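Being a predicted model, the structure only gives us computed values, none of them experimental.
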Amino acid sequence: SGAATNLYVHFMPWFGQSNHLNVGYSSQDTTEIKKQVDDMMTRGIDGVVIDWYGPNFTFEDTSTQLMMKEAATRTGFVFAVMEDVGALNQCGQTVGCDVTQNLINDLNYANSTYFFSPAYMTLAGRPVVFFFNVDQYTIDWTRVRAGVNGNPVFIFAGTGGFTHAQSDGAFSWIAPNASNPDDEGTSYLDSFYTTAQSSGGYVFGSAYAGFNNSLAPWLGSNPAKIMKQHCGQTWMDSLAVSGKHYSSSNQLQ
């Protein structure tokens with residue numbers, strides 16, 4: 001009650017390609033993007049964090065540019081990019097390729113392509129960039145900070161994100177329990193918020209309806225990760241955890 005917290009949706013820009021599930025629309029359909037933003041805004045959503053793979057993934061990058069254009073036509077709706085580890089895989093798996101420079105190049109492209117937009121998410125006037133699983137590779141974060149233009153805010157995943165090199169803050173994610181699909185992950189969220197309270201960094205919490213990647217084409221022989229929806233209760237319970245740590249007088253950013 002009394003929350004003034006901004007609410008963001010994690011946006012997947014890849015639908016419509018043959019290597020993803022056919023969900024009945026293309027992420028490059030401008031009419032679909034407009035309808036999605038219309039729908040999000042009616043639900044009180046303030047923006048999207050886009051799962052981004054850098055400029056070499058042209059389909060996803062084009063979808064991101066279309067979302068940028070749509071967001072710029074709205075009042076009070078923003079977007080930001082999240083560098084996904086997928087953007088670095090080719091370099092990371094190539095002998096002699098400089099993953100740190102790959103990341104720097106991606107973010108400088110984001111600076112010239114996205115950060116200038118009036119709809120780009122900012123904190124204290126600085127553009128915000130999120131990172132997802134990029135630490136699967138060895139990255140020189142001091143070099144990244146020095147080499148990236150635009151002075152972006154760096155937001156890393158999980159409780160450890162608060163103490164990550166060059167971190168400005170962290171976001172919580174979803175933690176399916178492989179041995180118990182009834183586990184809603186609330187203990188993970190409790191731990192994240194407890195750490196966040198004393199971190200001094202920017203805090204992005206999370207809530208989710210559940211999780212099930214059993215149909216993901218890239219799953220292969222890996223076991224599926226499942227968190228049951230419990231008829232909407234998982235959504236309500238995960239959202240409610242933030243209320244144990246924040247209040248109208250102590251707002252979650």
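Side-chain N or O atoms of Ser191 include none that pairs as donor or acceptor with a backbone N or O of Ser187 at under 3.5 Å. In this structure, the side chain of Ser238 does not engage the main chain of Ala207 through any donor-acceptor pair within 3.5 Å. Panel note: side chain Gln229, backbone Gly210; no donor-acceptor pair is recorded below 3.5 Å. At least one donor-acceptor pair closer than 3.5 Å links the side chain of Thr100 to the backbone N or O of Asp140. The closest donor-acceptor contact from the side chain of Asn213 to the backbone of Lys225 lies under 3.5 Å. The backbone N or O of Ala224 sits nowhere less than 3.5 Å from a side-chain atom of Ser214 that would complete a donor-acceptor pair.
When the side-chain hydrogen bond (donor to acceptor under 3.5 Å, both in side chains) test is applied to Asp98, the partners found at least two apart in sequence or on another chain are Arg143. Scanning for side-chain hydrogen bond (donor to acceptor under 3.5 Å, both in side chains) contacts around Glu60 gives Gln17, with sequence neighbours left out. For His230, there are no ring-ring contact (aromatic ring centres under 6.0 Å, His included) partners, not counting sequence neighbours. For the ring-ring contact (aromatic ring centres under 6.0 Å, His included) test, residues two or more places apart in sequence or in another chain that qualify with His245 are Tyr193. The side-chain hydrogen bond (donor to acceptor under 3.5 Å, both in side chains) check on Asn19 picks up nothing, with sequence neighbours excluded. Under the side-chain hydrogen bond (donor to acceptor under 3.5 Å, both in side chains) criterion, Lys34 pairs with Asp38, not counting sequence neighbours.
Of all the heavy atoms in Ala157 and Phe171, the pair that sits closest is CB-CZ, 3.4 Å. Across all non-hydrogen atoms, the minimal contact from Leu21 to Phe15 is O-CD2, 3.7 Å. Pairing each heavy atom of Ile104 with each of Val144, the nearest pair is CG1-CA, 3.8 Å. In terms of heavy-atom proximity, Gly2 sits nearest to Ser248 at O-CB, 3.9 Å. Residues Tyr188 and Gly158 approach most closely at OH-CA, 3.8 Å, considering heavy atoms. Contact detail for Val128 and Tyr120: the closest heavy-atom pair is O-OH, 2.7 Å.
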Report all side-chain donor-acceptor pairs from residues 81-91 shorter than 3.5 Å, counting only partners two or more places apart or in another chain.
| from | atom 1 | to | atom 2 | distance (Å) |
| --- | --- | --- | --- | --- |
| Asp84 | OD1 | Gly86 | N | 2.8 |
| Asn89 | OD1 | Tyr137 | OH | 2.7 |

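With a 4.5 Å cut-off between side-chain heavy atoms of Ile, Leu, Val, Met, Phe, Trp and Tyr, the cluster of Trp235 takes in Met236, Leu239.
Between Val48 and Met40 there is a side-chain heavy-atom pair separated by less than 4.5 Å.
Residue Phe154 is not grouped with residue Val49 when hydrophobic side chains (ILVMFWY) are merged at heavy-atom distances under 4.5 angstrom, including chains of intermediate members.
Here Trp14 and Phe57 keep their ring centres 6.0 angstrom or further from each other.
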Worked verdict on Phe192 versus Val203 for side chain to side chain contact (heavy atoms under 4.5 Å, CB included): CA-CA 9 Å; Phe192 177 85; Val203 182; 3.9 Å; yes
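Counting only residues at least two apart or in different chains, ring pair (Phe, Tyr, Trp, His ring centres under 6.0 Å) contacts with residues 194-213 comprise Phe130-Phe204. Residue pairs that meet the disulfide bond (SG atoms under 2.5 Å apart) test with at least one member in residues 9-57, sequence neighbours left out, do not exist here. Under the disulfide bond (SG atoms under 2.5 Å apart) criterion, no residue pair touches residues 136-198, with sequence neighbours excluded. The disulfide bond (SG atoms under 2.5 Å apart) analysis of residues 216-253, with sequence neighbours excluded, yields no pairs.
Relative ring orientation between Trp52 and Tyr114 is described as perpendicular, the plane-to-plane angle rising above 60° on a 0-90° scale split at 30° and 60°.
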